[in-house]
Each structure stands twice: as C-alpha cells, then as structure tokens.
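To start, the structure itself, in structure tokens.
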Amino acid sequence: MRGETGYAGRRPGVSVIMANRNNARSLDMFFERLERNTRYPELEVVVVDDESSDASVQILRRWRDSGRFRAFTLLEQPHGGVMRALNAALEAAGGEVIAAMDGDATVETPGWLDAMVDLQQSDPRVGVVTGAIELDDGRIQGYGMNVVGPLGAHGRGTVPTEAAGRRTAHELTANPRVGEVSDLMAPAEVDAPLGPCMLYARDLATEIGGYDVGYSPVWFDDTDFGIAARRIGLKNFFLPLRVIHWIGARHSRDETSRAHMVAVRARGAVGRLLPAAAKRSLWRATGRDAIPPERWERLQHHYGYWRDKWGWDFVNPDVDELRRRWGDTEICWAYDEARVAAGRDVLAAYERARAAG
C-alpha cells in the first residue's frame, strides 16, 4: 500500500499491460523500443489479445517465449473490445503499479518508466501520469487531455477547428507539429491522460472499478479513467516523455477506416498552411471533415454514455452546470486556486527529488 511518500522507500513492481487487436504491423517495434528504453528492474508484461485476425498472436507468442522480458503473460480471448481486454490484463497483472500502453505506440524516452513511477510514488494525491503523445507524421496527438472547459474535450496542445458550443466531434482539431508546442514539454497537471501511455496504482483501478465497458468496444476509456480518478480526489499529471502513436501502421484495423485516416492526415497537412477560419471552410467544402458512418455512430453512443454518466456534454459542455455539479471535486481543479497550487506543489517536490538524485 502507498504511504505518505510512496511505497515505503522501495521500488514497486510494475506491470506493463496492453490490449491488442490487429497491431501486427507495430508489435515488434513496440517491444524493441520498450526493451531498449526501459531499465526498470521489477517489470512484467501482460498482453491480452482481443481475437486478432492478423499475425499478432504469432508475434506475441514469439516475444513471450524469447525471454527478453523478466516475465511475460499472454492471454488470448474472444473479441470483447478494448475495455474488457484491459480489465482482463488488470486481473492478471501482479504489479502494484500499472503502465497501460497501446500496441501501436512506442516509448522513445530512455528511463521513461522510472520517471513516471517516481512521480506516481511521490505523493498520495497522484492519480494517473501520462506522457507526450505524438503522431507518426510529426504532429502531436496531445500532451494530456483537456476535458473541463468551454472548448470541450481535445488533446492538450491541439486546437478545435469548430467554434465553442457548436462542435460536432472532439477529434476535429488542428494538430500542430511537435516543435510548435515546445513550451508544453514540461511537467504539468492535466485534466486526464491519453491512453497510449498512462501509469497508475493498481489500487486506483480497483477502487474505480477498472475500465468502463460501457464504452465498448473502443475509445474514451482513458479519459473516463482519468475523470474517475479525479472524482475520488486524485490528480492527473503530464510528464514530457515522448511516445509515438503509429496510426499509419494500423490502417487495416476494423476500428479505423482508411478513408478516415486519409482525412485526418489531410486536415493535418492543410492545418499547417491555413488560418483556422479558412481551414474550416475548406474542409467542409471538400468533405474532408466527414466522419465515416460507423465511426460517427460509435462517437454518438459514447457522447451519450458520457453525458449520462458524468452529466455534461463531451464536446459542448455547459461549464456553469458542470461546476455546479462537480465544483467541489478535483474534476474542476483548474477553477480552484487552492487545487491548482496543490498540483504545483506536487510537481515541485517531485522535481526537487529528481534533481537530488
């Protein structure tokens, strides 16, 4: 159990968990980078394959049997969606700390796990720690998630391309290149984490009931998890640890259509050249902001489920109503000077300890 300053002066065991479905194109790269950039001694890997139809299982079995990780558990189960797979991984994990990763994302910063564990251990108020999620074309996906504010949900550092209060989808954003948001590459408190890389105590997952299967089969589990942590009084933090999300390697996945990925990349290319108003007009005129029907249907389900669960709209929140409902909790931390100051204190203490070695 965690004490006032972590796990009684010792390094807790960590389980890297992954829910895999059809990530064959990126799995070797995932494990090679994980091995190269992770020196944490008490580490196990737990992967749940969600009935992949590509070569994922063969690749995972090869890595399991390679002996390159101290412990490697592979579970193969019928397709039930990401949340059920993650919950199965949590049940199988033996670590006191969980590092949840996506199979199409790679950690690029050596010592990333030590840094995240140090922050998670440093103070009992730390809920989830997340990294700097970049896309494979040099743009950012988000340095944490912004959720509680007039612009609605979007990756921290990205800019919604629709007007506040009139947004149709949270993923319609302009995503700047990494160098354009270098000022954000510093430890910071954030509303919620991003799923390609998030670390938290196993006890936290147990207390909030794990990943909410209401968002099955995929998406929103990371943001929901972070808000659930805040609901019980914990805080979420960002560390500038690079993680590349290889969306170009997953065009064949059934969760993401090729047409949608082409549209995402087109928005990114145009976004680097045009001002916001011109971008919106051009995207709508050419139909490039269209979301495929299956994806749109799933988003609408998730938006409705979020609204029923949390009481505010994911993309067009009524901030006044949100604050009336959640204003006395960590969910609305950014509107409370004392909570903002407490987060700064947590980070200042963490950075002092890291500097001292």
Side-chain angles (χ1 to χ4, degrees), residues 33 37 101-102 104-112 115-116 119 128-164 167 169-199 222-223 226-227 235-248 261 263-280 282-283 288-289 314-315 317 333-334 340 343-344 346-348 350-351 354:
R33 303 283 173 85
N37 293 317
M101 301 286 298
D102 282 1
D104 58 356
T106 57
V107 289
E108 303 293 326
T109 302
W112 68 281
M116 295 183 92
L119 177 53
V128 187
V129 184
T130 194
I133 314 302
E134 304 172 6
L135 299 173
D136 52 351
D137 63 357
R139 298 176 295 122
I140 73 164
Q141 181 173 346
Y143 294 169
M145 275 290 289
N146 291 332
V147 185
V148 182
L151 289 177
H154 61 286
R156 178 170 170 265
T158 70
V159 181
T161 58
E162 300 173 299
R167 298 181 67 199
H170 72 286
E171 57 190 37
L172 296 181
T173 58
N175 297 58
R177 300 192 69 80
V178 171
E180 297 170 345
V181 289
S182 58
D183 59 308
L184 296 181
M185 283 292 278
E189 186 169 2
V190 295
D191 285 344
L194 279 169
C197 182
M198 49 190 281
L199 180 140
D222 48 357
T223 307
I227 294 300
K235 290 177 169 291
N236 303 316
F237 294 95
F238 162 82
L239 288 180
L241 307 167
R242 294 184 61 234
V243 177
I244 298 180
H245 199 181
W246 298 88
I247 59 172
M261 296 314 305
V264 168
R265 292 189 181 282
R267 287 201 300 271
V270 172
R272 293 191 291 274
L273 301 174
L274 296 176
K279 284 185 282 191
R280 288 194 295 271
L282 179 59
W283 292 337
R288 291 192 182 273
D289 64 345
F314 196 69
V315 289
W333 69 277
V340 171
R344 286 198 297 262
V346 170
L347 289 174
Y350 159 76
E351 292 184 292
R354 293 279 289 181

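FYI, side chains are in, hydrogens and waters are out, and symmetry mates aren't considered; it's all heavy atoms of this structure.
- Two residues are said to be in side-chain contact when any heavy atoms from C-beta on lie closer than 4.5 Å; Arg167 and Leu172 fail this criterion.
- Between Ile140 and Val181 the shortest side-chain heavy-atom distance falls below 4.5 Å.
- Between Val190 and Met145, every side-chain heavy-atom pair lies at or beyond the 4.5 Å cut-off.
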Item to check | Thr223/Val147 under side chain to side chain contact (heavy atoms under 4.5 Å, CB included): CA gap, chis, key distance, verdict | outcome: CA-CA 8 Å; Thr223 307; Val147 185; 3.6 Å; yes

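- No donor-acceptor pair under 3.5 Å is formed between the side chain of Arg139 and the backbone N or O of Thr158.
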Next on the checklist: Between Leu347 and Phe238, is the side chain to side chain contact (heavy atoms under 4.5 Å, CB included) condition met? List the steps.
Outcome noted: CA-CA 10 Å; Leu347 289 174; Phe238 162 82; over 6 Å; no

Item to check | Audit row: Met185, Arg242, side chain to side chain contact (heavy atoms under 4.5 Å, CB included) steps and yes/no | outcome: CA-CA 9 Å; Met185 283 292 278; Arg242 294 184 61 234; 4.2 Å; yes

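- With hydrogens and angles disregarded, a donor-acceptor distance shorter than 3.5 Å links the side chain of Asn236 to the backbone of Asp191.
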Item to check | Tyr350 and Val129: CA distance, side-chain angles, deciding distance, side chain to side chain contact (heavy atoms under 4.5 Å, CB included) verdict | outcome: CA-CA 13 Å; Tyr350 159 76; Val129 184; over 6 Å; no

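- A donor-acceptor pair under 3.5 Å is formed between the side chain of His154 and the backbone N or O of Gly152.
- Of the possible donor and acceptor atoms, none in the side chain of Thr130 sits under 3.5 Å from a partner among the backbone N and O of Gly144.
- Side-chain contact between Val107 and Leu241 is absent, with no heavy-atom pair separated by less than 4.5 Å.
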